[in-house]
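Each chain gets a letter, A, B and so on, in the order the sequences are listed, and its residues count up from 1.
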Amino acid sequence: MEQIITRFPPSPTGYLHVGGARTALFNWLYARSKNGRFVLRIEDTDIARSTKESVDAIFKALDWLGIDWDDGPFYQSERLDIYKEYIQKLIDSDNAYYCTCSPEKIKRVRESNIALGQTPKYDGTCRDKRLKKSDKAVVRFRADNFGTTIVEDIIKGNILFQNSEIDDFIIQRSDGMPMYNFAVVVDDITMGINTVLRGDDHVSNTPKQIALYRALGCLLPVYGHVPMVFGKDRTRLSKRHGAMSVTAYKDMGYMPEALINYLVRLGWSHGDDEFFLKDDLIKKFNIKNIGISPSIFDSEKLLSLNADHIKAAPLERTAICLKPFLEEKNVEITDMSYLSAIAGTLNKRSKTLLEMADGAMFYLESKVVYDKKAAEKFLKLNAYDCLSFLIDQLKQLESFTQENQEEAFKKVMDMTGLKFGKIAQPVRVALTGKTVSPGIFEIIEVLGKERVIKRLEEALLYIDSKR
RNA sequence: GGUCCCAUCGUCUAGUGGUUUAGGACGCCGGCCUCUCACGCCGGUAACACGGGUUCGAAUCCCGUUGGGAUCACCA
């Protein structure tokens with residue numbers, strides 16, 4: 001069996017959005033699972049709309065997702081000579097011809113076709129004129145009018161098209177740039193692509209591309225069209241559906257693992273399994289389990305998956321992902337093992353890294369800032385004795401293990417006659433400034449003796465100041 | 001409008017003719033756990049679009065209807 005070669009060919013006219021990312025992921029996964037190759041190609045023949053920023057954004061998104069490529073990136077704009085050569089082949093073999101019809105005329109014909117309820121088609125004015133190359137001439141493919149073309153799709157099954165539906169489409173613009181359907185075919189041929197996994201919106205292009213392969217005498221790739229991803233209103237994904245670019249999710253505090261997991265499950269399944277890491281996916285991914293019906297992007301589920309991945313990730317990993325979010329808040333991180341420990345207390349209660357960063361602030365601040373209501377409610381005179389007893393007890397402790405702390409608190413409970421809950425809240429506020437936080441014992445252990453004693457003493461000072 | 005595609009809980013999906021009172025997950029609603037908030041655990045809610053066939057038997061196969069979507073550029 002020949003090596004599987006897949007590709008991802010984004011056009012750099014905007015950011016990489018989640019739908020495109022899923023297509024890239026499927027191709028990448030398939031190549032990886034089959035020990036094949038994955039090619040990245042930038043389709044920038046539309047000079048007016050392609051930008052360098054978009055190219056960079058796509059690289060950045062792919063890099064964040066951990067989708068790497070074996071060949072490329074190839075830029076279509078740098079392959080113009082190759083397209084020219086293939087155009088010439090097609091013209092020489094009489095499979096293509098020059099056409100000088102004006103865009104206005106073409107448009108009129110198209111409109112009248114639609115008005116008559118027909119498929120809009122080029123009327124063939126120049127088809128047999130044997131025109132020579134000229135400045136304003138485009139090159140059209142001479143398409144068969146009769147017969148049928150079957151697209152053998154490994155996901156959707158066979159799809160039959162009447163060739164009469166296909167017109168003499170343009171393969172080269174008057175400015176010499178190749179058109180999409182043609183460039184794709186030439187690239188896929190010359191890059192050895194044998195497996196084309198792409199969005200459902202490309203099925204109608206496929207018969208045209210097949211015709212090109214035939215005219216060029218080349219072997220067809222295997223096609224697989226993956227169902228679309230829609231927004232909540234069942235229309236094409238766009239900005240009005242909320243965040244759609246991959247990097248937006250990065251910025252909102254999502255783990256790439258979570259997006260990958262979510263995206264792969266949109267249209268692909270493995271029994272009842274829900275949680276996947278990349279290595280599992282490479283082992284388990286297959287085309288036969290890609291569904292055929294479109295799906296809707298559900299950010300709620302992505303969120304919950306993100307929470308799952310935050311819980312499951314090794315603490316060192318979480319710390320690395322978390323760091324930039326803290327830096328964004330002007331907190332400099334020097335001690336990664338401290339950050340890992342912090343993450344360990346927060347990973348069960350954070351749905352995003354952004355949330356986790358918020359929750360982590362109290363660990364990193366040199367001075368606790370009290371939430372007004374929290375301080376008013378819990379840092380009152382009646383908490384004074386209890387906090388100072390606790391300081392005494394904690395000072396005697398060698399290490400802050402769970403058991404040690406429990407004993408210390410028990411003594412404070414005995415001395416004050418208070419229940420644990422009554423002690424915990426003031427301590428929590430003293431240590432974190434808030435009424436909501438990870439468990440008291442966890443916090444104390446992670447903060448360490450020095451910080452804990454200092455913060456408790458500061459709380460005493462605060463209470464004093466309110467006398 | 002032509003062509004093509006799709007149709008299981010609100011959403012993602014399992015299911016490939018009988019093992020199904022249709023399973024899991026998210027969400028939602030209860031409860032338990034508990035030092036706060038979470039996590040976790042337990043329970044509940046909710047679907048085979050409709051109509052015809054085929055078959056002893058259909059969510060599963062066929063046809064039609066309805067609904068949704070994609071596509072028809074000198075965009076990709």
Side-chain angles (χ1 to χ4, degrees), chain A residues 9-13 43-46 48-50 76 99 101-103 106-107 110 113-121 136-140 151 153 156-157 159-162 164-167 169-181 183-184 199-207 225 227-228 230 232 234-236 262 265-275 289 291-305 307-308 311 346-351 355 359 374 378 409 419-425 427-429 432 434-441 443:
Chain A
S11 64
T13 54
E43 308 216 324
D44 56 353
T45 54
D46 185 348
R49 294 199 304 151
S50 300
Q76 288 188 326
C99 165
C101 293
S102 71
I106 302 295
K107 198 180 169 202
R110 183 168 57 243
N113 279 151
I114 290 177
L116 289 167
Q118 297 164 335
T119 300
K121 288 182 66 172
K136 283 176 301 195
V138 300
V139 178
R140 287 186 183 273
V151 175
D153 190 302
K156 303 168 81 77
I159 305 167
L160 182 77
F161 289 90
Q162 296 298 325
S164 56
E165 293 295 323
I166 299 162
D167 75 340
F169 55 95
I170 296 172
I171 55 179
Q172 185 183 76
R173 292 180 250 212
S174 51
D175 66 2
M177 291 297 273
M179 286 287 284
Y180 169 74
N181 282 118
V184 163
D200 227 352
D201 49 342
H202 285 288
V203 286
S204 56
N205 286 323
T206 312
H225 289 92
M228 310 249 72
F230 295 126
K232 276 227 183 310
R234 291 179 185 279
T235 65
R236 245 199 138 105
Y262 179 70
R265 281 283 293 112
L266 221 49
W268 176 83
S269 62
H270 189 266
D272 280 338
D273 298 350
E274 298 279 352
F275 187 91
N289 284 351
I292 54 172
S293 51
S295 44
I296 291 170
F297 191 88
D298 180 7
S299 48
E300 293 271 10
K301 185 137 184 174
L302 206 204
L303 219 212
S304 123
L305 221 32
D308 289 345
K311 280 185 206 94
L346 258 17
N347 66 161
K348 302 267 189 299
R349 53 220 327 134
S350 309
K351 287 186 190 295
E355 224 180 282
F378 295 107
F409 272 83
K419 286 191 171 174
F420 184 80
K422 290 286 175 196
I423 302 172
Q425 272 319 69
V427 174
R428 188 186 312 283
V429 176
T432 72
K434 301 179 188 64
T435 53
V436 172
S437 82
I440 288 296
F441 298 144
I443 296 171

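Within the 4.0 angstrom heavy-atom criterion, only backbone atoms of the sugar-phosphate kind lie near A:Leu160; the bases stay farther away. Contact annotation for A:Asn205: base contact, defined as any heavy-atom pair under 4.0 Å involving a base atom. Residue-level contact check: A:Lys348 touches the backbone only, with heavy atoms under 4.0 Å from sugar-phosphate atoms and none from bases. Residue-level contact check: A:Leu266 touches the backbone only, with heavy atoms under 4.0 Å from sugar-phosphate atoms and none from bases. A:Pro438 comes within contact range of at least one nucleobase, with a heavy-atom separation under 4.0 Å. Note on A:Gly291: nothing from the nucleic acid sits closer than 4.0 angstrom, heavy atoms only. Contact annotation for A:Ser295: backbone-only contact, meaning every heavy-atom pair under 4.0 Å involves sugar-phosphate atoms and none involves a base. At the heavy-atom level, A:Gly271 lies under 4.0 Å from the strands shown only through sugar-phosphate atoms. Backbone-only contact: A:Ser269 has heavy atoms under 4.0 Å from sugar-phosphate atoms and none from a base. Heavy atoms of A:Ser437 sit under 4.0 angstrom from at least one base atom.
Comparing B:C29 with B:U34, their P atoms are spaced 23 Å from each other, to the whole Å. Rounded to a whole angstrom, the distance from the C1' atom of B:A7 to that of B:C12 is 15 Å. Taking atom C1' in both B:G10 and B:G27, one finds a spacing of 8 Å when rounded to whole Å. Taking atom P in both B:C26 and B:C39, the straight-line distance is 11 Å, to the nearest Å. Here the separation of B:A46 from B:A22, taken at their P atoms, is 13 Å to the nearest Å. Straight-line distance between the C1' atoms of B:C35 and B:C42: roughly 23 Å, to the nearest whole Å. Using atom C1' as the reference point in both B:U13 and B:A76, the two lie 31 Å apart (nearest Å). B:A73 and B:U16: their P atoms are spaced 43 Å apart (whole Å).
The side chain of A:Val436 sits closest to B:C37 out of B:C37, B:A70, B:G2. In the set B:C26, B:C75, B:A38, B:C75 carries the atom at the smallest distance from any side-chain atom of A:Asp46. Of the candidate nucleotides B:A25, B:G40, B:C75, B:G40 has the atom lying nearest to any side-chain atom of A:Lys311. The A:Ile296 side chain lies nearest to B:U11 when the options are B:U11, B:C39, B:U3. Nearest nucleotide to the side chain of A:Arg173, out of B:G69, B:C75, B:C5: B:C75. Checking B:C37, B:C39, B:C75 against every side-chain atom of A:Lys351, the shortest atom distance belongs to B:C39. Among the nucleotides B:A7, B:U36, B:U13, the one closest to the side chain of A:Ile292 is B:A7. For A:Ser293, taking side-chain heavy atoms from C-beta onward, the closest of the listed nucleotides B:C35, B:C6, B:A14 is B:C6. Distances from the side chain of A:Thr45 to the nucleotides B:C74, B:A76, B:C35 place B:A76 closest. The side chain of A:Pro294 lies closest to B:C6 when the candidates are B:A38, B:C12, B:C6.
Between the P atom of B:U11 and the CD atom of A:Glu300 lies a distance of 14 Å, rounded to the nearest Å. In this entry the distance linking CG of A:Asn289 with P of B:U16 reads 12 Å, nearest Å. Taking atom CZ on A:Phe230 and atom P on B:C6, their separation rounds to 13 Å, with Å as the unit. At whole-Å resolution of the value, NZ in A:Lys121 and P in B:A73 are 13 Å apart. We find that CZ of A:Arg234 is positioned 12 Å from C1' of B:A49, with the value rounded to whole Å. The distance between atom CG of A:Asp272 and atom P of B:G23, rounded to the nearest whole Å, is 11 Å. In this structure, A:Lys232 atom NZ and B:C26 atom P are separated by 15 Å, rounded to whole Å. To the nearest angstrom, P of B:C72 lies 13 Å from CD of A:Glu165.
Judged by distance alone, with hydrogens and angles left aside, A:Glu274 brings a side-chain donor or acceptor within reach of the base of B:G24, the pair sitting under 3.5 Å. Interface remark: the A:Lys107 side chain does not form any donor-acceptor pair with the B:A73 base, using a distance-only criterion of under 3.5 Å. One cannot find a donor-acceptor pair under 3.5 Å joining the base of B:C39 and the side-chain atoms of A:Arg349.
Taking every heavy atom of both residues into account, A:Pro438 and A:Leu346 meet most closely at CG-CD1, 3.3 Å.
Applying the 4.0 Å criterion to OP1 and OP2 of B:U71, one finds that A:Arg236 has a side-chain N or O inside that range. Listed pair A:Thr13 / B:C75 fails the phosphate criterion, with no side-chain N or O lying under 4.0 Å from OP1 or OP2.
Between A:His202 and A:Tyr180, the distance from one ring center to the other falls under 6.0 angstrom. Checked against the 6.0 Å centroid criterion, the rings of A:Phe420 and A:Phe441 qualify as a close aromatic pair.
For the pair A:Gln425 and A:Lys156, nearest-nucleotide mapping onto RNA chain B gives the more 5' position to A:Lys156.
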